[in-house]
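Notes follow the structure.
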Amino acid sequence: MTRTLVTSTILLSSALAYAGDPAPPAGGAPVPAAPAAPADPAKPADPAAPVPEKDAACETDPCSDKGADKKVTITPAPTGAIDTRPTPGAVLSSTTDDGGVRASSDGAGGRARSPRIALELSGAGAGIANQFVEYKGWTFENGAPKGFRFEANLIGIQLAYELSSMSNEQACAATCLTGSFGSTTAHSIELGYRFRFSQIGPVRPFVAASIGGVLASGGDWWGSTKGGSGRAGVGIEVPIMDRFFASATVAYRILVVENPLRNADAEKADKVLLMTDVPNGDYAEDLHVVAGYVGFGVSL
């Protein structure tokens, strides 16, 4: 009987201890303390930041003005944007007249720039559409004109001198008189403009126009006379190397001068005494010429 009671008491104490009762029952066995939690293992130290390696090419300038390491970053142009950086070996040229400088080539078959200052000398041969001088039934006939033209050009503005010479062949009325009558010459000074278009392949087309004054003389036929001149033409320039160019032009010219055979005093007397008047066509004479020019120039 006594053994049974002791056994029950031991079982009851064990049950209470298992249930978490901190206070052990009186007369019971002591409950062992719960083991302490193990300490956290020591965290390893953070690794040191990596030291960038020096670029051998940057040991000295020009990587930076103080010799420090510095990377140069090239930012590409954004998608869809126009890249205005020039392509190596390219020549930037204007598509309108005279935005560039002297004639030059990029050395790779590219376009040449328009001359800014140019001197040009060209030879001319022409055909006349009418006889130059007519007076009181007489027609003074000339041969085909020939001559040359010298032109200075500054950004398209041109100042030119042109000499035309026509052999005096014969004078005709009811009959023709043929002989050696010298040559009719015309000296003209003109101011105008040459507009150059964009270069097309190896050539650059242009149009030109000018007006000026003319001094003409008739050799053995008559003395000298003055008047005005006008010229309009089209042509092409062909750049040659850096500074030179060749040109070809077709132009229409008109020269209008006072009739060199007029005698104003005799005309007045005839009008009073003979009641005759000079035909209107005898007051002034005009010459219409279609000329071709082949020239050579230099850009300065």
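In this structure a side-chain-to-backbone donor-acceptor pair under 3.5 Å is present from Thr225 to Glu258. Remark: the backbone N or O of Asn142 is paired with a side-chain donor or acceptor of Gln131 at under 3.5 angstrom. The main-chain N or O of Thr184 is found under 3.5 Å from a side-chain atom of Asn168 such that the two form a donor-acceptor pair.
Under the 4.5 Å side-chain criterion, counting only non-hydrogen atoms from C-beta, Trp138 is not in contact with Val133. At a threshold of 4.5 Å between non-hydrogen side-chain atoms, the residues Glu190 and Ser229 count as touching. Put simply, the side chain of Asp286 does not reach to within 4.5 Å of the side chain of Leu255, judged on heavy atoms. Inter-residue side-chain proximity for Ile117 and Ile155 is flagged as unmet; no heavy-atom pair is nearer than 4.5 Å. Side-chain contact between Phe244 and Phe296 is present, with at least one heavy-atom pair separated by less than 4.5 Å. Under the 4.5 Å side-chain criterion, counting only non-hydrogen atoms from C-beta, Val238 is not in contact with Ser247.
One finds no salt bridge joining Glu120 and Arg149 here, because no Lys/Arg side-chain nitrogen approaches an Asp/Glu carboxylate oxygen to under 4.0 Å. Note on Arg196 versus Glu237: salt bridge recorded, some NZ/NE/NH1/NH2 to OD/OE distance being below 4.0 Å.
Two different hydrophobic clusters hold Tyr252 and Ile236 under the rule that ILVMFWY side chains link at heavy-atom gaps under 4.5 Å. The same ILVMFWY cluster, assembled from side-chain heavy atoms under 4.5 Å apart, contains both Leu191 and Tyr193. Taking hydrophobic clusters as Ile, Leu, Val, Met, Phe, Trp and Tyr residues chained together by side-chain heavy-atom distances below 4.5 Å, Ile240 shares a cluster with Leu300.
Side chains of Glu141 and Gln170: a donor on one and an acceptor on the other come within 3.5 Å. Side-chain polar atoms of Arg253 and Ser164 form a donor-acceptor pair below 3.5 angstrom. A side-chain donor from one of Ser217 and Thr185 sits under 3.5 Å from a side-chain acceptor of the other. For the residue pair Glu285 and Asn259, a side-chain donor N or O sits within less than 3.5 Å of a side-chain acceptor on the partner.
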Report the C-alpha distance between Ser198 and Arg204 in whole Å, list the side-chain angles of each, state the deciding distance to 0.1 Å, and finish with yes or no for side chain to side chain contact (heavy atoms under 4.5 Å, CB included).
CA-CA 6 Å; Ser198 298; Arg204 180 185 296 109; over 6 Å; no

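Within 6.0 Å of CD1 in Ile211 there are 12 or fewer heavy atoms belonging to other residues, nucleotides or ligands.
Taking every heavy atom of both residues into account, Tyr293 and Ala251 meet most closely at CE1-CB, 3.7 Å.
Aromatic ring centroids of Phe150 and Phe148 lie 6.0 Å or more apart.
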